[in-house]
2 protein chains.
Amino acid sequence: MRATVPITVNGLKSACSQCNLVELCLPFGMPDSELSRLDELVGARRKVKRQQNLYRAGDPFEAIYAIRAGSFKTDVLLEDGREQVTGFQMTGEILGLDGISTEAHSCNAVALEDSEVCVIAYDKLEQLSHQIEGLQLQFHKVMSREIVRDHGVMMLLGSMRAEERLAAFLLNMSQRFNARGFSSQEFNLRMTREEIGSYLGLKLETVSRAFSRFQEDGLISVQQKHVQLLDPAGLKRLIQHQQGVR
Amino acid sequence: MRATVPITVNGLKSACSQCNLVELCLPFGMPDSELSRLDELVGARRKVKRQQNLYRAGDPFEAIYAIRAGSFKTDVLLEDGREQVTGFQMTGEILGLDGISTEAHSCNAVALEDSEVCVIAYDKLEQLSHQIEGLQLQFHKVMSREIVRDHGVMMLLGSMRAEERLAAFLLNMSQRFNARGFSSQEFNLRMTREEIGSYLGLKLETVSRAFSRFQEDGLISVQQKHVQLLDPAGLKRLIQHQQGVR
DNA sequence: TTTTTTGGTTGACGTGGGTCAACGAGCTTG
DNA sequence: CAAGCTCGTTGACCCACGTCAACCAAAAAA
């Protein structure tokens, strides 16, 4: 991932106060004075190789994780083997919040590429948010954002047709790459068609066809995982003016 | 709602320490010593008539709500009018967590029947969870549970067929009625077929047909909103052994 | 380099669930 | 107790997406 280079170069210390991801991550919006106190929060860092699990459903919950470099997917498995990808996470985003409720993780987190996370011991986080003014609020916002995001996915899955789902997905990725200082027009997806399909409630063939359709219509240009959004406004229109209904 | 009678009779004080819903609600698991301090948290109570909004998407976020009596749905609307029901909430459950992230609500909460909620001012909650040991953890668990629940819905929507979705829905309702001291075998749904459909990503006709199918197969007995689960194990089997695949 | 594997594309065909429409059963309102 | 709702059921038809299969490109292994 070309994106990780500047981060790993700058960020050899694991201190939040030194990290260039602050404004995407848990400490967002906290004053510098409080920020330095967060440094004690991030115990260790942990590298996770592509395809490896950061945690699995059922693992005891001890920590949440902030992605320093790389990206992940989270998924839930049914007894009969069906998989539902519940999200894709990028740098600065927090993984593991699902574990708090039952003190065990309820989904799997798998690295989509070689990645690195900051390990945030949960008991320490609890303690520190008692003490630090802004941290508690910030943490609540992170959890709340996750809930809102999930509602958006439910909207996708429950009431959009295939091409609308993919358009929404691409616009979302675009916006998130952009927030990380990358082009919003052009990026490399880290996940396979099958993973996109699982996330969007579609089969990989349907995803592939929708990609091709968008390309024919001049909305995007795709080659494998490389995507260019040629007409983002067109994609947005596709979502809003529902054509066929569902 | 017959269910509400014992609650309204006992609970004329709004104090958490007097409320028989504690073990379903925010204070779950907190020692009595701390529980009494929560009483200051619940400022007012608010009645919401059937079909009325508790809050709307875009409303400034000031409080979260604990359902004292009745039930609600939450939904998200798309510009073109499509609606996605994101959840159904029963007594003891918490509404409004979506508002924390942006300080504005991101969905609508509508009463399915005449209902009553405890208004929990959010700033007070923040303060108090700084002070009270167990409250912070408990609140985090409530939020985390919401995230896990949403992942379950994504599983439903993304990888189950119509009858599996309805079976999962019915079993979930059954379990929640049971947790509230009602029969798990027999209950009255509070929502219409259309609302169930929106929640499950199906059209009302499909929901209706699935109900009829279950009745033909002797799994349930339905008449309008009244449902009896004749063979809960059969419903469970339906979900696990995926027959047609998707 | 060739070989193998994995991921992606495309076509032909089938079907689950959406669409449209008619009708009936409860509620509500006058 | 009609009259007018809203909500639920059922049938006939259809289409978006799933299924199955062949094939190709890229990446990894050898």
Side-chain angles (χ1 to χ4, degrees), chain A residues 1 49-51 73 82-85 110 112-114 156-167 169-170 188-217 220-227 238 242-246, chain B residues 49-51 73 82-85 110 112-114 156-167 169-170 188-216 220-227 238 242-246:
Chain A
M1 182 191 188
K49 285 218 168 294
R50 186 175 128 81
Q51 304 279 40
K73 69 168 176 183
R82 280 179 285 184
E83 180 199 33
Q84 175 68 35
V85 171
V110 182
L112 294 176
E113 60 195 308
D114 292 357
L156 267 193
L157 293 172
S159 44
M160 288 186 175
R161 41 190 45 260
E163 293 187 0
E164 293 176 306
R165 296 186 200 188
L166 186 64
F169 169 74
L170 289 173
N188 283 295
L189 297 172
R190 304 278 138 69
M191 64 294 283
T192 67
R193 299 290 188 263
E194 187 169 21
E195 287 164 333
I196 297 173
S198 171
Y199 180 63
L200 299 178
L202 302 169
K203 297 274 107 174
L204 69 295
E205 294 95 327
T206 306
V207 174
S208 181
R209 276 187 252 268
F211 268 118
S212 302
R213 186 86 210 290
F214 286 172
Q215 180 153 259
E216 278 167 38
D217 296 352
I220 67 170
S221 153
V222 222
Q223 204 189 15
Q224 308 286 117
K225 295 196 158 69
H226 184 82
V227 179
L238 218 159
Q242 127 209 53
Q243 59 284 67
V245 189
R246 188 203 207 181
Chain B
K49 285 217 168 294
R50 187 175 128 82
Q51 303 279 40
K73 69 169 176 182
R82 280 178 286 186
E83 179 199 34
Q84 175 67 34
V85 171
V110 182
L112 295 175
E113 59 195 311
D114 292 357
L156 267 195
L157 292 172
S159 43
M160 288 186 173
R161 43 190 46 261
E163 294 188 0
E164 294 177 305
R165 296 186 200 188
L166 186 64
F169 169 75
L170 289 173
N188 282 296
L189 297 172
R190 303 278 138 66
M191 64 294 285
T192 66
R193 299 291 187 262
E194 186 168 22
E195 286 164 333
I196 297 173
S198 171
Y199 180 63
L200 299 178
L202 302 169
K203 297 275 108 173
L204 69 295
E205 294 95 329
T206 306
V207 174
S208 180
R209 276 187 253 267
F211 268 117
S212 303
R213 187 83 209 292
F214 286 172
Q215 181 154 259
E216 278 167 37
I220 66 171
S221 153
V222 222
Q223 205 189 14
Q224 309 285 118
K225 295 197 156 69
H226 184 82
V227 180
L238 217 160
Q242 123 210 57
Q243 58 286 66
V245 188
R246 190 204 207 181

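Naming: A, B, ... by sequence-line order, numbering from 1 per chain.
- Between the CD atom of B:Glu195 and the P atom of D:dT6 there is a distance of 14 Å, given to the nearest Å.
- The CG-P distance, from A:Leu200 to D:dG18, rounds to 11 Å in whole Å.
- For the side chain to side chain contact (heavy atoms under 4.5 Å, CB included) test with A:Ile196, the passing option among A:Leu189, A:Leu204, A:Leu170, A:Leu202 is A:Leu189; the others fail.
- Closest approach of B:Glu164 to A:Arg82, counting heavy atoms only: OE2-NH2, 2.8 Å.
- Although no hydrogens or angles enter the test, the distance criterion places no donor-acceptor pair under 3.5 Å between the side chain of B:Ser159 and the main chain of A:Gln84.
- Here D:dC17 presents its C1' atom at 14 Å from CG of A:Leu166, a figure rounded to the nearest Å.
- Within the 3.5 Å criterion, the main-chain N or O of B:Leu200 finds a donor-acceptor partner in the side chain of B:Arg165.
- Considering all non-hydrogen atoms of both residues, A:Phe211 and A:Leu166 come closest at N-CD2, 3.7 Å.
- Taking atom CD on A:Glu163 and atom P on D:dA16, their separation rounds to 10 Å, with Å as the unit.
- Remark: the backbone N or O of A:Lys225 is not paired with any side-chain donor or acceptor of A:Arg190 at under 3.5 angstrom.
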The test is side chain to side chain contact (heavy atoms under 4.5 Å, CB included); show your working for A:Glu195 and A:Lys73 and say whether it passes.
CA-CA 9 Å; A:Glu195 287 164 333; A:Lys73 69 168 176 183; 3.0 Å; yes
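- Counting only distance, with no hydrogens or angles, the side chain of A:Asp114 and the backbone of A:Lys49 share no donor-acceptor pair below 3.5 Å.
- Partners of B:Arg213 under the side chain to side chain donor-acceptor pair (under 3.5 Å) rule, at least two apart in sequence or in another chain, are B:Glu163.
- Note: CZ (B:Arg161) to C1' (C:dG14) measures 13 Å, nearest angstrom.
- As a whole-Å value, the separation of B:Arg213 CZ from C:dG17 P is 11 Å.
- One atom, CG of B:Asn188, and another, P of D:dC7, lie 16 Å apart when rounded to the nearest Å.
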Close N or O pairs between protein and nucleotides 8-11 of chain C (under 3.5 Å):
| unit_1 | atom_1 | unit_2 | atom_2 | d |
| --- | --- | --- | --- | --- |
| C:dG8 | OP1 | A:Lys225 | NZ | 3.4 |
| C:dG8 | OP2 | A:Arg193 | N | 2.9 |
| C:dT9 | OP1 | A:Arg193 | NH2 | 3.4 |
| C:dT9 | OP2 | A:Arg193 | NE | 2.8 |
| C:dT9 | OP2 | A:Ser208 | OG | 2.8 |
| C:dT9 | O5' | A:Ser208 | OG | 3.2 |
| C:dT10 | OP2 | A:Ser212 | OG | 2.4 |
| C:dG11 | N7 | A:Arg209 | NH1 | 2.8 |
| C:dG11 | O6 | A:Arg209 | NH2 | 3.3 |

Just the atom pairs and distances: protein N or O near nucleotides 27-30 of chain C's N or O, under 3.5 Å.
none

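- Atom pair B:Lys203:NZ and D:dC15:C1' shows a separation of 15 Å (rounding to whole Å applied).
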